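Some notes on the structure that comes next.
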Amino acid sequence: MIRVPIVHFLMMLALIATGCGRHKGKMAQTVNEDVTPEQRNYRNDMRGFIRQISAYAKARDSSFYVIPQNGIELVTDTGYADGSPILHYLNAIDGNGQENLHYGYHSDNSKTPKRSKEYMKGLLAVSQRAGNTILVIDYCSSEKKIADAFDQSYSEGYVPFVATERNLTVIPKFGERRYRENTRNIRSLADAENFLFFLNYERFESKPEVLNAIARSNYDIVFIDLFFHDGTTFSAEEVQRLKTKANGSERLVCCYMSIGEAEDYRYYWKKGWATNRPSWLEKENKRWAGNYKVRYWEKDWQGIIMGSQNAYLDKIIDTGFDGVYLDIVDAFEYFESK
């Protein structure tokens, strides 16, 4: 594992911006702020932001994984499977997370409409062909539908997780044959056959309880939130402990981070922002209280995400996570619809 001091990265980023630096054979884009709303391409802005996140993270840790969730339209120039693949974006990421592919698109425990599923699958195939791992989260609770969700994902070459409730407050326990429990050492995304997506610790009174619950599982990859519900972070030692399954084999531990919305319960939130918003902060998400869309192309928001010791991504890397799972990537839809 190679780690590079932040100051070295900033020098590298300057080279990238001037066209002298390379990442996976492609120049990383910088996001252009000096355009009007009519001129702005919100999808390119999100691609550029994710490419910067990837370049930054991999400069500090060459084995670090970057996995955007949803927003699969970004993989082609048209947002459809028959469009031209955006290779510099596909090369910057290591996988795609996709919610509601088989169950949960309109409501939990209900089948995703065939047309929507086929649309997503076509774009996911573009990412697969580029060598990226596809991780699917379905939301269903009946035994028959859980089995069907796993079977469909495995038949399509995806790595599945089935959440039995939307708020992600439990660690589901499935039969070991159902989710392909194994004793192999998982050292890359491609090695994994299953994963756990577990972000809400409200049912647990302490961090040791959360850690013990995860440690007792045999999932190949664990995706968790950096923060316990009291606002404290998990330590590097605690994250390292989670990298061993209950059966003694190795697994990956990755961290959730929202890049398309600001959350008023995070450490970076300042009092007064909700009423006296900084230029990059948009309206509150009516469906998720305390979450606010952001102008993700603006430097001040990107500075909260990366580039300093107190930045979100830097905290994740410093804590020893194997990768980052980027949420609200599809924020471009909000701006396109305005």
Side-chain angles (χ1 to χ4, degrees), residues 16 23-33 35 37 39-58 64-101 105 112 115-137 156-159 189 223 254 256-261 280 282 285 293-298 301-302 305-306 313 323-338:
I16 290 171
H23 173 58
K24 289 192 176 181
K26 298 287 183 178
M27 282 193 297
Q29 277 181 331
T30 55
V31 177
N32 182 11
E33 293 187 84
V35 297
Q39 295 172 318
R40 184 168 295 286
N41 185 318
Y42 298 108
R43 299 187 185 203
N44 277 345
D45 287 342
M46 181 56 81
R47 291 188 192 103
F49 188 21
I50 292 172
R51 291 180 67 203
Q52 289 184 63
I53 288 171
S54 178
Y56 182 80
K58 292 174 187 295
F64 196 81
Y65 297 108
V66 176
I67 308 162
Q69 174 173 264
N70 301 332
I72 190 61
E73 297 90 339
L74 297 181
V75 300
T76 69
D77 61 346
T78 62
Y80 292 93
D82 58 0
S84 297
I86 306 295
L87 297 180
H88 56 67
Y89 175 70
L90 288 164
N91 287 338
I93 63 177
D94 302 286
N96 283 101
Q98 182 60 59
E99 290 185 295
N100 311 313
L101 183 64
Y105 190 81
T112 294
R115 184 175 179 181
S116 299
K117 180 167 69 175
E118 293 305 312
Y119 168 75
M120 290 186 281
K121 284 175 60 178
L123 288 163
L124 292 170
V126 174
S127 189
Q128 270 186 313
R129 288 194 292 270
N132 293 323
T133 300
I134 307 303
L135 300 105
V136 170
I137 302 173
E156 292 152 351
Y158 305 148
V159 183
L189 294 182
F223 293 94
C254 299
Y256 170 93
M257 180 176 69
S258 175
I259 63 170
E261 287 184 343
W280 49 264
E282 286 275 330
N285 185 335
K293 286 289 189 295
V294 296
R295 296 183 179 95
Y296 46 84
W297 57 90
E298 291 202 13
W301 170 248
Q302 293 184 4
I305 294 298
M306 61 182 174
L313 179 60
V324 66
Y325 192 84
L326 305 176
D327 199 13
I328 320 298
V329 168
D330 54 6
F332 58 83
E333 295 176 349
Y334 166 81
F335 292 99
E336 288 177 342
S337 67
K338 288 183 68 177

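All values derive from a computational prediction rather than experimental measurement. Residues: numbered from 1 along the sequence shown.
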Exam field: side chain Thr112 to backbone Asn100, donor-acceptor pair closer than 3.5 Å: yes

Taking every non-hydrogen atom, the tightest pair across Pro85 and Leu90: CB-CD1, 3.8 Å

Gap between atom NZ of Lys58 and atom CD1 of Ile53 - 0.5 Å precision: 12.0 Å

Donor-acceptor contact below 3.5 Å, side chain Arg43 vs main chain Phe332: no

Test item: Asp94 side-chain N/O and Ile67 main-chain N/O as donor-acceptor pair under 3.5 Å: no

Sub-4.5 Å side-chain heavy-atom contact between Ile93 and Ile50: yes

With Phe64 via ring pair (Phe, Tyr, Trp, His ring centres under 6.0 Å) - residues at least two apart: none

Rounded distance (nearest 0.5 Å) linking atom CD1 of Ile137 with atom OH of Tyr325: 3.5 Å

Backbone N/O of Ser84 and side chain of Asp77: donor-acceptor pair under 3.5 Å: yes

For Ser127 against Val75, the heavy-atom pair lying closest together: CB-CG1, 4.4 Å

Distance-minimising heavy-atom pair for Ala81 and Val126: O-CG2, 3.9 Å

Expected output: side-chain Ser54 to main-chain Ala92 donor-acceptor under 3.5 Å: yes

Qualifying residues under side-chain hydrogen bond (donor to acceptor under 3.5 Å, both in side chains), relative to Asn285, sequence neighbours excluded: Glu261

Spacing of Cys254 atom SG and Leu189 atom CG [to the nearest 0.5 Å]: 6.5 Å

Validation row: Met46, Tyr89 side chains within 4.5 angstrom (heavy atoms): no

Non-hydrogen side-chain atoms of Leu123 and Gln98 separated by less than 4.5 Å: no

Ring geometry between Tyr42 and Phe335 (parallel below 30°, tilted from 30 to 60°, perpendicular above 60°): parallel

Side-chain touch Phe49/Asp45, heavy atoms, less than 4.5 angstrom: no

Separation between CE of Met120 and CG of Asn70, rounded to the nearest 0.5 Å: 8.5 Å

Nearest heavy-atom neighbours spanning Trp301 and Ser258: CZ2-O, 4.0 Å

Polar side chain donor-acceptor pair, Tyr334 to Glu282, under 3.5 angstrom: yes

Heavy-atom check, side chain of Ile134 versus side chain of Leu101, under 4.5 Å: no

Intermediate values then yes/no, side chain to side chain contact (heavy atoms under 4.5 Å, CB included), Leu124 and Ile72: CA-CA 7 Å; Leu124 292 170; Ile72 190 61; 3.7 Å; yes

Heavy-atom side-chain contact between Asn96 and Pro68 under 4.5 Å: yes

Student check: side-chain heavy atoms of Tyr119 and Glu73 closer than 4.5 Å: yes

Side chains of Met257 and Met306 in contact at under 4.5 Å (non-hydrogen atoms): no

Nearest heavy atoms of Asp327 and Gln69, plus distance in Å: OD1-NE2, 2.8 Å

Criterion side chain to side chain contact (heavy atoms under 4.5 Å, CB included) on Ile259 and Ile328, from CA distance to verdict: CA-CA 6 Å; Ile259 63 170; Ile328 320 298; 5.9 Å; no

